[in-house]
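Keep in mind the model is a prediction, meaning the values are calculated, not measured. As the structure lists them, so they are numbered: ligands from 1, and atoms in each ligand from 1.
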Amino acid sequence: MTLPNASFLDDDSSLFESLFEFIANDIIEKGYSIRPYALPENLTNLLLNHITELPESNFKRAGIGRAKDHIINDFIRTDEISWITGNSEAGSAWISWTAALQAYLNRRLFLGLFSFESHFARYTKGDFYKKHKDAFKGEGNRVLSVVVYLNQHWSADDAGELVIYDKNLPASAVIDNKKVTVIPSFGTIVVFLSEEFVHEVLPAKRDRYSIAGWFRLNNSIANNIDPPS
Ligand code: OGA
Ligand code: MN
């Protein structure tokens, strides 16, 4: 597989084939995959350096809803985002890596993933994103969500966990109330079916950086122009 503009990743390509296979198997089994510290370290570093150097004016308050009814709602989410383009070395390496994941999952799971959009998100201390789904059934837009974290030395005390609600988990003493809690540590990857899982970001005690992205079907086939924001 060729990864344009990401030659430094080439040495690792067989490594991330096995990562992609773990992700594919998790999706088949549970509908989501949580892979701690799995993003190639050089890519994670590149992304972290890039996000910390982005000019302040690149970050915008995140809204909810799409294009025409996009509104900012402090009750639902308070983070700031910056859409990722291929115009930087980091952005282009990230897009190459997600394209390789997309190709692998299409071959393996026949998901028909067609396009990808993603943004950096900065949650400053206390920011949150309340329970939501990334897509709604029948709208046929976002199929698969991917989130990666860029936070070095994150400890459990820093909070800011991602909580995924999984109706299929058995209630037990170990699994608390059918939820899975993810610590947003450097290089951790989370992938899940966008229509299936309600999730939320708990307030953090320090600044928290993530990338959230979505693989989509080709909606324009239905002559339905559907921009990313
Ligand atoms: C999102 C989202 C999760 C996270 O942006 O839709 O759910 O942990 N992000 O940053
Ligand atoms: Mn989400």
Next item on the list: Check each of Lys205, His153, Arg206 against Asp158 using the side chain to side chain donor-acceptor pair (under 3.5 Å) test, and report the only one that passes.
Entry: Arg206
Check: Can you hop from Phe128 to Phe75 via hydrophobic side chains spaced under 4.5 Å?
Finding: no
Next item on the list: Using a strict 4.0 Å cut-off to heavy atoms of His199, name the atoms of ligand 1 that fall inside it.
Entry: 7 (O)
Item checked: Distance filter under 4.0 Å to Ala212 heavy atoms, resulting ligand 1 atoms -> 5 (O)
Next item on the list: Any atoms of ligand 1 less than 4.0 Å from a non-hydrogen atom of Tyr129? List them with their elements.
Entry: 1 (C), 5 (O), 6 (O)
Notebook entry, point to check: In terms of residue, atom name and distance, what is the protein heavy atom nearest to atom 9 (N) of ligand 1?
Noted result: Tyr123 OH, 3.9 Å
Next item on the list: Locate the shortest heavy-atom distance separating Trp83 from Ser118; write the atom from each residue and the value.
Entry: CE3-O, 3.2 Å
Next item on the list: Give the residue, atom name and distance (to 0.1 Å) of the protein heavy atom nearest atom 8 (O) of ligand 1.
Entry: Tyr149 OH, 2.6 Å
Notebook entry, point to check: By atom name, which N, O or S atom belonging to Asp134 lies closest to the Mn ion (ligand 2)?
Noted result: OD1
Margin query: Tell me the contacting part of Arg208 for ligand 1: side chain, backbone, both, or neither, using a 4.0 Å heavy-atom threshold, strictly below.
Written below: side chain
Next item on the list: Kindly assign one of parallel, tilted or perpendicular to the pair Phe197 and Tyr32, based on the angle between their ring planes and the thresholds 30° and 60°.
Entry: perpendicular
Margin query: Side chain, backbone, both or neither: which applies to Asp134 and ligand 1 if a contact is any heavy-atom pair less than 4.0 Å apart?
Written below: side chain
Item checked: Nearest-neighbour protein heavy atom for atom 10 (O) of ligand 1, which is reported as residue plus atom name and distance -> Ser210 OG, 2.9 Å
Item checked: Close approach, Glu200 and ligand 1, non-hydrogen under 4.0 angstrom -> no
Next item on the list: Find out whether His132 and His199 are in side-chain contact, i.e. whether some heavy atom of one side chain is under 4.5 Å from a heavy atom of the other.
Entry: yes
Notebook entry, point to check: Is Trp214 near ligand 1, meaning one of its heavy atoms is under 4.0 Å from it?
Noted result: yes
Notebook entry, point to check: Below 4.5 Å, heavy atoms only, C-beta onward: do Ile164 and Val190 meet side chain to side chain?
Noted result: yes
Checklist line | Angle in degrees, rounded to 10°, that NE2 of His132 and NE2 of His199 form at the Mn ion (ligand 2) | finding: 90°
Next item on the list: Compute whether any side-chain donor of one residue and acceptor of the other, for Asp134 and Ser194, lie under 3.5 angstrom apart.
Entry: no
Item checked: Closest approach of Glu161 to Arg208 (non-hydrogen atoms, all atoms of both residues) -> C-NH2, 4.3 Å
Next item on the list: May I ask whether Leu217 and Val191 are part of the same hydrophobic cluster, defined by side-chain heavy atoms of I, L, V, M, F, W, Y residues being less than 4.5 angstrom apart, directly or through others?
Entry: yes
Note to self: Looking only at protein heavy atoms, which one is nearest to atom 3 (C) of ligand 1, and what is the separation?
What the structure shows: Val201 CG2, 3.5 Å
